[in-house]
Amino acid sequence: MDDRPILFFDSGVGGLSVLAATRVLLPMAPIVYVADSAGFPYGTRTEQDIAARVPALLGRLAERYHPRLIVIACNTASTIALAAVRAALDVPIVGTVPAIKSAALISTTRTIGVLGTDATVRQPYVDDLATRFAGDCTVIRHGSADLVEAAEARLRGEAVDPARFAAALAGLFTQPGGDRIDTIVLACTHFPLVADELAAAADRPIDFVDGSAGIAQRVAFLTQGQDWPANVQQGTAVFTLVDDRARALAPALTSRGFGDINAL
């Protein structure tokens, strides 16, 4: 039996959307889920801050949990710090990047929205993805810090005003050409957690895409042939700050197979 875990890392609980897809393919995999709640949210931090913070944290986590693989389940951290983390750690690293390629494959109007954090949507990495995979499309971007907060609140069981979801979409739809958007890339792992709310707030049918399925397939490929525990184990949840907001997430984490929240 090999009980080394797969470690999922995000600024908050958005990475649970990526974890859900991975568990479908690897139900026996031991999981450590880490939320950098002390640094949340990443989307309003500077690139320099994230580039320094993420490799340092993942170095500490790798020493403590000895993961067989790390998933940076955060678009912002991946687009800024992925290369540095891979250079620093001797463990396979899977990043999360906006699913622009998938959106371009299904868009009929050839107008795509990218809804992410402020930090993600301004990255040159996104420019490169758009050029390589959606060269014949108009790609419209919008960063919404409030939608990240709304997704966290929703997972804490709080009521969230539907106007907040409509406002996030309006950031795309009201831009020039926004009325032609038929596909939206959810370029923050928090956003698939509120995909139903976004669909309800849209004024027309929209296809929402994210990269969770592709990430899960990559994790399965990189771990194929490896041994797993014989029985499904309870996941380990780790937060860098365990405060009232973190503790309010306990029911959502319990329902996803985690025990008590541990402090890093």
Side-chain angles (χ1 to χ4, degrees), residues 10-12 14-15 17-18 41-47 50 72-80 82 95-152 154 160-215:
D10 184 29
S11 64
S17 64
V18 180
Y42 278 3
T44 55
R45 287 182 171 269
T46 66
E47 281 83 346
I50 294 170
I72 303 180
C74 172
N75 285 269
T76 300
S78 294
T79 55
I80 294 172
L82 181 59
T96 305
V97 297
I100 291 175
K101 180 179 180 180
S102 298
L105 290 173
I106 64 173
S107 175
T108 300
T109 65
R110 314 311 293 157
T111 304
I112 296 167
V114 177
L115 185 61
T117 67
D118 292 315
T120 294
V121 299
R122 67 174 178 252
Q123 292 307 312
Y125 199 110
V126 179
D127 297 332
D128 180 61
L129 290 173
T131 299
R132 288 164 57 198
F133 300 117
D136 65 334
C137 297
T138 299
V139 179
I140 300 173
R141 312 179 200 183
H142 177 63
S144 175
D146 182 66
L147 191 57
V148 178
E149 295 282 1
E152 290 261 333
R154 183 73 180 79
V160 180
D161 187 346
R164 297 172 70 178
F165 303 109
L169 294 175
L172 291 170
F173 293 156
T174 60
Q175 292 187 49
D179 59 326
R180 290 182 50 80
I181 292 174
D182 66 349
T183 307
I184 293 177
V185 179
L186 299 178
C188 171
T189 55
H190 280 80
F191 297 171
L193 299 174
V194 291
D196 290 343
E197 288 84 350
L198 288 168
D203 61 1
R204 59 185 183 274
I206 296 289
D207 287 318
F208 293 96
V209 299
D210 67 84
S212 58
I215 296 164

Approximate separation, where rounding is to 0.5 Å, of R45 CZ and D118 CG: 14.0 Å
Expected output: side-chain Q175 to main-chain R141 donor-acceptor under 3.5 Å: yes
Salt bridge (charged side-chain N to carboxylate O under 4.0 Å, His left out): pairs with one or both residues in residues 189-204, sequence neighbours excluded: R154-E197
Spacing of CG belonging to L198 relative to CZ belonging to F208, to within rounding of 0.5 Å: 5.0 Å
For the student: nearest non-hydrogen atoms of D10 and G15, plus distance: OD2-N, 3.1 Å
Nearest heavy-atom neighbours spanning Y42 and I50: O-CD1, 3.4 Å
Distance in Å, L172 CG paired with I112 CD1, rounded so as to fall on 0.5 Å steps: 11.5 Å
Close side-chain approach of F165 to V160, heavy-atom, < 4.5 Å: yes
Qualifying salt bridge (charged side-chain N to carboxylate O under 4.0 Å, His left out) pairs, either residue in residues 175-184, two or more places apart: none
Side chains of H190 and T117 in contact at under 4.5 Å (non-hydrogen atoms): no
From R110 atom CZ to D136 atom CG, the distance as rounded to the nearest 0.5 Å: 4.0 Å
Worked check of side chain to side chain contact (heavy atoms under 4.5 Å, CB included) between I206 and F173: CA-CA 11 Å; I206 296 289; F173 293 156; 4.0 Å; yes
CD1-CZ distance between I100 and F133, expressed to the nearest 0.5 angstrom: 9.5 Å
Close side-chain approach of L129 to V114, heavy-atom, < 4.5 Å: no
Short side-chain to backbone donor-acceptor contact, T96 and N75, under 3.5 Å: no
Pair S144-R164, side chain to side chain contact (heavy atoms under 4.5 Å, CB included): steps then yes or no: CA-CA 10 Å; S144 175; R164 297 172 70 178; over 6 Å; no
Donor-acceptor contact present, side-chain T174 to main-chain A170, <3.5 Å: yes
SB check R132 D128 (cutoff 4.0 Å): yes
Shortest non-hydrogen contact from T120 toward P98: CG2-CG, 4.2 Å
Whether S78 side chain and I72 backbone form a donor-acceptor pair below 3.5 Å: yes
Nearest heavy-atom neighbours spanning A99 and V209: O-CG2, 4.0 Å
Least distance between heavy atoms, V139 atom then A134 atom: CG2-CB, 4.1 Å
L147 vs C188, side chain to side chain contact (heavy atoms under 4.5 Å, CB included): CA-CA, chis, key distance, verdict: CA-CA 10 Å; L147 191 57; C188 171; over 6 Å; no
Beyond-backbone contact of T111 with I140, side-chain heavy atoms, under 4.5 angstrom: yes
Straight-line distance of I181 CD1 to H142 NE2, nearest 0.5 Å: 10.5 Å
Worked verdict on D210 versus T189 for side chain to side chain contact (heavy atoms under 4.5 Å, CB included): CA-CA 8 Å; D210 67 84; T189 55; over 6 Å; no
S17 (side chain) donor-acceptor with G14 (main chain) under 3.5 angstrom: yes
